[in-house]
Amino acid sequence: MGKINCRIGEINVVCTDAEKSLRFYRDILGFEVLGEDGGCWHLACGETKFLLLPFAGSPRKPPKYCAEASFSVDLLVSDLQATKKFFESEGVDFVKEVSPNEERFFIRDPDGLVLEIIQS
């Protein structure tokens, strides 16, 4: 058959608590809310669309990053240190301690999903 021609559509974030996840993605990360549909939330980060799906069971302790197969999302920021300070003030969970000279760091959303924050 050969290869298929595809492109990325919206990214589904399967979460345990829509309100917690909505607060994180909307109020902390600054994603735009596009609408709500039956308890699911359509969001956008630039041109990238996300859908919060509150269908997961009880949250579990997240594994060490890269210990299990998963997807992660990169978010580009212009001021990494200011972003780090803001996340700290909001109580965001960091995957590991961030050294001052790093050009990236990793955080977790309320369900333990990893987002990589990169200096652009």
Side-chain angles (χ1 to χ4, degrees):
M1 175 180 147
K3 62 182 175 179
I4 63 167
N5 183 13
C6 66
R7 58 190 170 84
I8 300 293
E10 68 186 4
I11 297 170
N12 296 318
V13 179
V14 181
C15 61
T16 57
D17 184 321
E19 289 303 317
K20 273 182 159 175
S21 291
L22 183 61
R23 180 188 175 284
F24 177 80
Y25 286 95
R26 178 193 60 205
D27 300 342
I28 296 175
L29 296 184
F31 285 23
E32 176 186 0
V33 175
L34 302 177
E36 186 264 343
D37 182 17
C40 301
W41 291 90
H42 295 274
L43 307 172
C45 180
E47 297 296 315
T48 305
K49 304 289 191 283
F50 291 79
L51 178 60
L52 292 180
L53 298 165
F55 303 138
S58 298
R60 60 180 174 83
K61 181 177 165 64
K64 182 177 176 183
Y65 182 53
C66 293
E68 292 183 357
S70 66
F71 283 101
S72 67
V73 176
D74 296 346
L75 299 178
L76 307 177
V77 298
S78 59
D79 187 337
L80 193 69
Q81 292 306 315
T83 301
K84 177 183 175 281
K85 287 179 185 174
F86 173 71
F87 287 159
E88 289 170 338
S89 74
E90 291 291 326
V92 171
D93 183 29
F94 288 78
V95 171
K96 65 179 182 104
E97 187 68 32
V98 181
S99 69
N101 297 329
E102 290 191 55
E103 295 179 359
R104 70 188 68 230
F105 59 83
F106 301 87
I107 61 172
R108 292 189 187 276
D109 81 350
D111 286 295
L113 302 174
V114 174
L115 297 112
E116 182 175 0
I117 311 301
I118 302 172
Q119 177 76 40
S120 65

Enquirer: Would you say that Val92 contacts Phe24 through its side chain, given a criterion of any heavy-atom pair below 4.5 Å between the two side chains?
Expert: yes
Enquirer: From Leu53 CG over to Ser21 OG, what is the distance, rounded to the nearest 0.5 angstrom?
Expert: 10.5 Å
Enquirer: Of Asp79, Val98, Val77, which is the lone residue that meets side-chain contact (heavy atoms from CB on, under 4.5 Å) with Lys84?
Expert: Val98
Enquirer: Return the minimal non-hydrogen interatomic distance between Ser120 and Leu76, and the atom names on each side.
Expert: CB-CB, 3.9 Å
Enquirer: Can you name the closest pair of heavy atoms from His42 and Asp37 and give their distance?
Expert: NE2-CB, 4.0 Å
Enquirer: Roughly how far apart are Leu51 CG and Trp41 CH2, rounded to 0.5 Å?
Expert: 11.5 Å
Enquirer: Quick test of your reading: applying salt bridge (charged side-chain N to carboxylate O under 4.0 Å, His left out), list the pairs with at least one residue in residues 14-28, sequence neighbours left out, ordered by first then second residue.
Expert: Arg23-Glu90
Enquirer: Check whether any side-chain heavy atom of Val33 lies under 4.5 Å from a side-chain heavy atom of Leu22, and answer yes or no.
Expert: yes
Enquirer: So among Leu34, Thr48, Leu29, Leu52, which one has a side-chain contact (heavy atoms from CB on, under 4.5 Å) with Leu43?
Expert: Leu52
Enquirer: Would you please name every residue forming a ring pair (Phe, Tyr, Trp, His ring centres under 6.0 Å) with Phe86, sequence neighbours left out?
Expert: none
Enquirer: Tell me the closest heavy-atom pair linking Gly39 and Pro54, and the distance in Å.
Expert: O-CG, 3.3 Å
Enquirer: Using the six-membered ring wherever Trp is involved, compare the ring planes of Phe105 and Phe87 and label them parallel, tilted or perpendicular (cut-offs 30° and 60°).
Expert: perpendicular
Enquirer: Any side-chain heavy atom of Arg108 sitting closer than 4.5 Å to one from Val95?
Expert: yes
Enquirer: Are Val73 and Phe94 grouped together when hydrophobic residues (ILVMFWY) are joined by side-chain heavy atoms under 4.5 angstrom apart?
Expert: yes
Enquirer: Only counting residues at least two apart or in another chain, list the ones meeting ring pair (Phe, Tyr, Trp, His ring centres under 6.0 Å) with Phe31.
Expert: Tyr25, Phe50
